[in-house]
Amino acid sequence: VREPPREAPVRRDDLPSFREMLAFVGERWRLYLPILVMTTVLALATGWNAWMAAALNRIWGLSPAIIGKVTGPLGLILNPIAYVTVGVLMDRFTTPRRPDGMLRVAIAGTLLNVPASMAVLLAPSVPLMWIAYAASVLITGGGQVAVAAILVEVTPGRLRGKVTSLQFLVGNIL
């Protein structure tokens, strides 16, 4: 596949500075603060998933082999479902009258992530724990897609790279 011709070469002095990006985000802090909060919650959920096997072993006495046999297929099946579902929900709830539908879907998903993740630890039985785990996987995967889509939607093209790097910085500091 051939690369499409470029309209004009990008000059180094046309690229935004880090200071310019921070000023842009700072002027629109009411928009970017929820995005950074969602990034933080999703980073915590991703970190929690890194310790999931140890927690399930300690709480339920499940062996790593059993945990892997359940969590692996759940992740392989549920993450793609989450990606498509969130895309459909964001399209459905974003209208000319409600241009903030993408953000509302992302915030709702982030808020639902906390009880779903907590239910994994607090479930009264192993089957209910697996249901809570599945819900947590769906919500976390969908949330990551939502945040990425929102950043692309609200950030001008020339600042997207730097704003995305700020998002990753915030997410990885945790």
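One-based numbering along the sequence shown. Computed from a predicted structure; not experimentally measured.
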Distance-only donor-acceptor pairs under 3.5 Å for side chains of residues 53-60, two or more places apart:
| from | atom 1 | to | atom 2 | distance (Å) |
| --- | --- | --- | --- | --- |
| N57 | ND2 | L62 | O | 2.8 |

With side chains defined as the heavy atoms from C-beta onward, is the minimum distance between L121 and M129 less than 4.5 Å?
no
Got a donor-acceptor contact below 3.5 angstrom from the T94 side chain to the M102 backbone?
yes
G75 to P80 - nearest heavy-atom pair and separation:
O-CD, 4.0 Å
Interatomic distance, I150 atom CD1 to I107 atom CD1 [nearest 0.5 angstrom]
7.5 Å
Look at the side-chain heavy atoms of Ile, Leu, Val, Met, Phe, Trp and Tyr, link any pair under 4.5 Å apart, and say whether V154 and V86 land in one connected group.
yes
Between Y32 and V163, is there a side-chain heavy-atom distance shorter than 4.5 Å?
yes
Atom of Y133, atom of L74 and distance for their closest heavy-atom approach
CD2-CD1, 3.6 Å
Using the test side-chain hydrogen bond (donor to acceptor under 3.5 Å, both in side chains), find all partners of S117 that sit at least two apart in sequence or belong to another chain.
N113, S136
From I81 CD1 over to L138 CG, what is the distance, rounded to the nearest 0.5 angstrom?
6.5 Å
Does W48 belong to the same Ile/Leu/Val/Met/Phe/Trp/Tyr cluster as L78, with side-chain heavy atoms less than 4.5 Å apart forming each link?
yes
N/O donor-acceptor pair under 3.5 Å between T85 side chain and A82 backbone:
no
Starting at CG of L159, measure out to CG of L22 and round the result to the nearest 0.5 Å.
10.5 Å
Where do L42 and Q144 come nearest, in terms of heavy atoms and distance?
CD1-N, 3.6 Å
Those residues at least two apart in sequence (or on a different chain) that pass side-chain hydrogen bond (donor to acceptor under 3.5 Å, both in side chains) with E153 are none
State, to 0.1 Å, how close P16 and R158 come at their nearest heavy-atom pair, and which atoms those are.
CG-O, 2.9 Å
Given a cutoff of under 4.5 Å between side-chain heavy atoms of I, L, V, M, F, W and Y, with clusters grown through shared members, what are the other residues clustered with L112?
I139
Hphob cluster co-occupancy, L33 + V152, side-chain heavy atoms under 4.5 angstrom
no
Got a sec, which pairs hit side-chain hydrogen bond (donor to acceptor under 3.5 Å, both in side chains) with one end in residues 66-84, sequence neighbours left out?
none
Hey, mind stepping through M52 and V120 against side-chain contact (heavy atoms from CB on, under 4.5 Å) and telling me if it holds?
CA-CA 9 Å; M52 181 65 68; V120 173; 3.8 Å; yes
Pairwise salt bridge (charged side-chain N to carboxylate O under 4.0 Å, His left out) hits with a residue in residues 93-117, at least two apart:
R98-D100, D100-R104
Using 0.5 Å steps for rounding, measure from the CG atom of L166 to the OG1 atom of T39.
8.5 Å
Do F18 and F24 sit in one hydrophobic cluster, given that two such residues count as connected whenever their side-chain heavy atoms are within less than 4.5 Å of each other, even indirectly?
yes
In the single-linkage hydrophobic clustering (I, L, V, M, F, W, Y; side-chain heavy atoms under 4.5 Å), do V37 and F168 co-cluster?
no
When rounded to the nearest 0.5 Å, the distance separating CD of Q167 from OG1 of T40 is 9.5 Å
OG1 of T155 to CE of M21: how many Å apart, nearest 0.5 Å?
10.0 Å
Derivation of the side-chain contact (heavy atoms from CB on, under 4.5 Å) call for M38 and L103
CA-CA 10 Å; M38 287 183 288; L103 188 59; 3.6 Å; yes
Residues A45 and T140: closest non-hydrogen pair is CB-OG1, 3.7 Å
Closest heavy-atom contact between A146 and A106?
CB-CB, 3.6 Å
